Amino acid sequence: MGRTVVIAEKPSVGRDIARVLGCQSSGRGCLTGGDWVVTWAVGHLVTLVEPDELDEKYKRWSFDTLPILPAEIPLKVIASSRDQFAVVRNLINAPETDRLICATDAGREGELIFRYIYEKAACKKPFDRLWISSMTDEAIQEGFRAIRSGSDYDGLYRSAQCRSQADWLVGMNASRAFTLRYDALLSVGRVQTPTLAILVKRRKEIEDFKPEEYATVTADFGDYRGMYFREGLEPDTHIPKIDDAKALAAQIKNQSATVISAETTRRRDLPPQLYDLTSLQRDANRLLGFTADKTLKLAQSLYETRKALTYPRTDSRYLPPDMIPRVVQTMKVLPESYQALVPGALPDGKLPVSKRTIDETKVTDHHAILPTPKRINLDSLPEDERQLYDMVVRRMLTAFYPACEYDATKVITGVGEHQFRTNGRVVLQNGWRDVPPLANPPKAGRAKKKSADAEEETALPPLSPGDTRTVRAAEVKSDQTKPPAQHNDASLLSAMETAGRESTDEEIARQMKGSGIGTPATRAAIIERLIQVGYAIRKGKTILATAKGVQLIQIVPQELSSPEMTGRWELALDQITDGRQDADKFMDSIRKFSTFLVNFARNNRVNVVFPDDGRRKKRTQSMVTRGTKIDGCVCPVCRKGGVLESPQAFFCSRAADGCHFTLWKDCLTRGGGPMLTEKLLRLLLGQCQKRFVVCGFGLQILLCLSQDGFAVLGGDGGRILIHDVSIFI
């Protein structure tokens with residue numbers, strides 16, 4: 001048997017695998033031992049080419065070259081990773097290598113990393129797939145025992161390839177088209193733009209919100225209290241006018257009250273489910289103030305470096321049945337500080353099993369996030385990692401605790417013609433609520449003021465219909481309705497996860513279940529990208545759309561900004577993985593959509609002026625520096641600057657100072673005329689009267705010509721056209 005080369009995604013993972021395989025000899029970008037060689041990528045080594053690498057004509061951004069729809073998008077080696085790519089390529093193509101093992105992260109993006117390397121290296125050798133959910137030595141050994149053929153994951157690769165190419169086609173075409181139309185560098189994407197739309201929608205809801213005053217009335221019956229309510233109100237405890245509330249309070253004081261109904265129901269609050277990445281990110285944001293990106297990085301470190309957590313980039317909250325012994329083992333080796341909580345999750349030493357935790361049909365690429373059965377010294381972990389590890393441990397324990405059981409009582413008390421509602425609760429068994437979500441919760445800030453209509457649940461005295469009381473006092477509280485809260489990482493992640501499910505089309509809503517914007521592994525990066533390009537900002541713990549972000553959503557079509565649309569795409573990608581969707585058909589739809597976006601931008605009549613972020617001025621200054629002066633020509637617009645020539649146009653030397661005079665050399669060709677040359681330019685400027693009128697958007701100029709009539713130069717997406725060219729011929 002020849003040599004086997006294992007390709008990991010990162011050097012740290014490669015070293016762990018090498019240790020298990022006994023590869024102790026260091027080589028250039030690899031570790032060797034016996035018949036094994038372990039090498040690695042450093043994230044992506046290979047990516048899709050840029051448009052200008054496809055064809056020189058794409059270097060200049062122009063509507064004439066859009067849409068960009070290559071039949072195939074070639075791959076290129078990332079410049080900063082060339083050395084390591086050469087190492088991997090030489091190893092996998094070496095004559096002594098007869099077998100490969102893909103050991104990149106077990107997910108869509110990991111599959112893409114290996115397949116792109118494999119394709120760019122022009123390798124034809126067979127390969128197998130290592131699929132593991134934990135980086136402990138035991139898990140790696142088990143993964144090698146259960147290794148599968150790489151062809152079993154062809155659907156996953158096709159899905160990853162479609163995602164990569166779809167993002168390229170939509171992003172490259174839409175970004176260029178809207179940048180050209182609005183003369184501002186705009187980043188438009190298949191996934192980031194619908195996410196921005198969620199933030200913009202919330203900003204508009206808050207800006208349009210008009211607070212309304214209301215009041216509530218609470219009656220004191222001596223040994224319990226009740227809040228006034230009336231059916232037909234929304235909410236039913238709100239009294240729109242404060243004077244009406246005060247009159248009601250005065251009317252019922254010292255009056256006799258009678259219990260109309262008292263119903264007690266036994267209820268069970270089931271324990272929360274295990275964590276997937278998105279729910280972990282939400283809770284870490286809510287409980288610890290971590291951003292989604294920070295939580296992902298901490299979880300990845302706990303997985304790769306500490307070997308303390310299983311694979312974090314999962315969208316499943318369930319475990320397969322064969323994980324039951326592993327969970328029991330994990331609980332038994334948890335740090336001492338958790339051992340007092342373990343018996344509640346392991347009654348009689350056995351793990352309680354239910355469909356809320358153990359369900360193989362709901363395990364996707366990876367099971368829920370768990371601590372590994374490795375003994376962890378909590379003191380050795382950095383504080384943030386320790387806090388996140390603590391959350392995962394407590395959630396695992398909580399998920400196997402019994403339900404919280406209580407008696408819920410609802411009492412309706414009548415005072416004359418008015419009714420008052422009282423909710424009571426008596427806890428019979430705390431169950432999972434005996435496990436606090438954090439060992440050391442952050443110190444709480446100033447307590448939030450309770451809203452006027454907050455209904456408390458307390459223990460109630462024994463009450464039966466017909467029991468009477470006297471209204472000892474009546475309290476009036478005034479308040480006003482509140483606007484929706486600004487999004488934070490937790491709420492934005494939830495909105496991304498459930499995108500499209502609120503659709504009024506029941507079939508679409510059903511299809512969208514389990515889909516959404518992005519994936520658990522990419523949502524944090526999407527949020528950070530919006531902030532990076534200036535479409536959103538963080539303000540404290542909240543995330544707000546900026547004015548630029550609002551402007552972008554105003555100009556893009558609803559088809560691009562709709563969370564429902566991108567949710568459908570994610571659903572289609574999942575179906576490609578499972579073989580239920582044709583990849584070529586999906587890509588055809590993406591190409592048609594890219595064409596639609598270009599045409600939409602080209603013909604868009606929504607006039608929005610984006611603020612100059614400095615790029616426009618810098619680009620103009622560069623153009624002026626490179627321009628060649630046309631001797632004897634004065635700018636006909638500002639009459640202060642000269643006229644410069646570039647390969648594409650003639651323009652004012654004061655362009656960087658705000659003069660907009662520009663004549664594109666091909667401005668006559670659409671009307672059947674010649675390319676504009678220096679000779680024609682001098683003729684035009686020499687014949688021209690001193691009267692120029694600059695009007696409208698961009699570069700629209702009315703030229704008044706002596707004797708020969710006039711020519712109108714009109715802006716078309718920034719390109720000047722001369723509609724009457726006969727005077728030049």
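When reading the values below, keep in mind they use all heavy atoms of this one structure, side chains included, and skip hydrogens, waters and symmetry mates. As the structure is a prediction and not an experimental result, all values here were calculated from the model.
- Of the charged side-chain nitrogens involved, at least one lies within less than 4.0 Å of a carboxylate oxygen, so that Lys10 and Asp105 count as a salt-bridged pair.
- Although no hydrogens or angles enter the test, the distance criterion places no donor-acceptor pair under 3.5 Å between the side chain of Gln575 and the main chain of Gln581.
- Counting only heavy atoms from C-beta outward, the side chains of Asn173 and Leu597 never approach each other to under 4.5 Å.
- Lys307 contributes a side-chain N or O that, together with a main-chain N or O of Thr305, makes up a donor-acceptor pair within less than 3.5 Å.
- Side-chain N or O atoms of Tyr535 include one that pairs as donor or acceptor with a backbone N or O of Ser187 at under 3.5 Å.
- Between the side chains of Thr278 and Arg523, at least one donor N or O lies within less than 3.5 Å of an accepting N or O.
- Between the side chain of Thr193 and the backbone N or O of Gly189 there is at least one donor-acceptor pair closer than 3.5 Å.
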With a 3.5 Å cut-off and sequence neighbours excluded, list the donor-acceptor pairs that the side chains of residues 585-592 form with protein atoms.
from   : atom 1 : to     : atom 2 : distance (Å)
Ser589 : OG     : Phe586 : O      : 2.5
Arg591 : NH2    : Pro70  : O      : 3.3
Arg591 : NH2    : Ala71  : O      : 3.3

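- Scored by the ring-ring contact (aromatic ring centres under 6.0 Å, His included) test, Tyr153 finds Trp131 as partners (sequence neighbours excluded).
- Take Ile537 and apply the side-chain contact (heavy atoms from CB on, under 4.5 Å) test, not counting sequence neighbours, and it matches Leu544, Thr546.
- When every heavy atom of Arg203 is checked against every heavy atom of Ala545, the shortest pair comes out as NH1-O, 2.8 Å.
- In this structure a side-chain-to-backbone donor-acceptor pair under 3.5 Å is present from Arg317 to Leu274.
- Contact record, Ala399 with Thr357: O-CG2, 3.8 Å, taken as the closest heavy-atom pair.
- Asp98 places none of its side-chain heavy atoms less than 4.5 Å from the side chain of Lys125.
- A 4.5 Å side-chain heavy-atom check between Gln165 and Leu48 finds at least one atom pair inside the cut-off.
- For the atom pair CG (Asp384) and CG (Leu388), the distance works out to 9.0 Å, reported to the nearest 0.5 Å.
- Of all non-hydrogen atoms in Leu573 and Cys162, the two that sit nearest each other are CD2-CB, 3.8 Å.
- A donor-acceptor contact shorter than 3.5 Å links the side chain of Trp168 to the backbone of Val49.
- In this structure, Leu196 and Gly549 approach most closely via the heavy-atom pair CD2-O, 3.6 Å.
- Applying the side-chain contact (heavy atoms from CB on, under 4.5 Å) test to Glu559 and every residue at least two apart in sequence or in another chain returns Pro557, Met565, Phe593, Phe596.
- For the salt bridge (charged side-chain N to carboxylate O under 4.0 Å, His left out) test, residues two or more places apart in sequence or in another chain that qualify with Asp359 are Lys355.
- With a 4.5 Å cut-off on side-chain heavy atoms, Ile555 and Leu186 count as touching.
- In summary, Arg568 and Glu564 engage in a salt bridge, as defined by a charged side-chain N under 4.0 Å from a carboxylate O.
- Side chain of Arg202 to backbone of Ala485: a donor-acceptor contact under 3.5 angstrom is found.
- Side-chain contact check for Ile517 versus Glu570: every heavy-atom pair is 4.5 Å or farther apart.
- Within the 4.5 Å cutoff, the side chain of Val191 has no heavy atoms near those of the Thr522 side chain.
- Screening residues 155-167 for salt bridge (charged side-chain N to carboxylate O under 4.0 Å, His left out) gives Glu109-Arg163, Arg158-Asp584, Arg163-Asp167, Asp167-Arg190 as the qualifying pairs, with residues at least two apart or on separate chains.
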- Could you walk me through whether Ser151 and Ser149 pass the side-chain hydrogen bond (donor to acceptor under 3.5 Å, both in side chains) test, one step at a time? CA-CA 5 Å; Ser151 61; Ser149 169; 2.9 Å; yes
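- At least one donor-acceptor pair closer than 3.5 Å links the side chain of Asn90 to the backbone N or O of Ala86.
- The pair Arg129-Asp154 does not meet the salt-bridge criterion, since no charged nitrogen lies less than 4.0 angstrom from a carboxylate oxygen.
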- Query: Yes or no on side-chain contact (heavy atoms from CB on, under 4.5 Å) for Leu319 and Leu370, after CA distance, side-chain angles and deciding distance?
  - Reply: CA-CA 10 Å; Leu319 303 174; Leu370 293 174; 3.6 Å; yes
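- Screening residues 272-323 for ring pair (Phe, Tyr, Trp, His ring centres under 6.0 Å) gives Tyr303-Tyr311, Tyr311-His366 as the qualifying pairs, with residues at least two apart or on separate chains.
- When side chains are defined from C-beta on, His367 does not count as touching Thr314, because their heavy atoms never get closer than 4.5 Å.
- Not counting sequence neighbours, the partners of Lys297 by the salt bridge (charged side-chain N to carboxylate O under 4.0 Å, His left out) test are Asp293.
- Legend: residues meeting side-chain contact (heavy atoms from CB on, under 4.5 Å) with Lys59, ordered by chain and number and at least two apart, are Asp52, Glu56.
- Judged purely by atom type and a 3.5 angstrom limit, Arg176 uses its side chain to pair as donor or acceptor with the backbone of Tyr58.
- Within the 4.5 Å cutoff, the side chain of Met323 has no heavy atoms near those of the Val363 side chain.
- In this structure Gln84 satisfies the side-chain contact (heavy atoms from CB on, under 4.5 Å) test together with Thr39, Trp40, Leu45, Val87, Val88, sequence neighbours excluded.
- Every residue meeting the salt bridge (charged side-chain N to carboxylate O under 4.0 Å, His left out) condition with Glu142, not counting sequence neighbours, appears here in chain and number order: Arg326.
- Judged by distance alone, the side chain of Ser491 and the main-chain N or O of His487 form no donor-acceptor pair under 3.5 Å.
- Residues Thr595 and Pro67 share a closest heavy-atom pair of OG1-CG, 3.7 Å.
- For residues 272-288, every residue pair satisfying the salt bridge (charged side-chain N to carboxylate O under 4.0 Å, His left out) rule, not counting sequence neighbours, is listed here: Arg282-Glu497, Asp283-Arg286, Asp283-Arg395.
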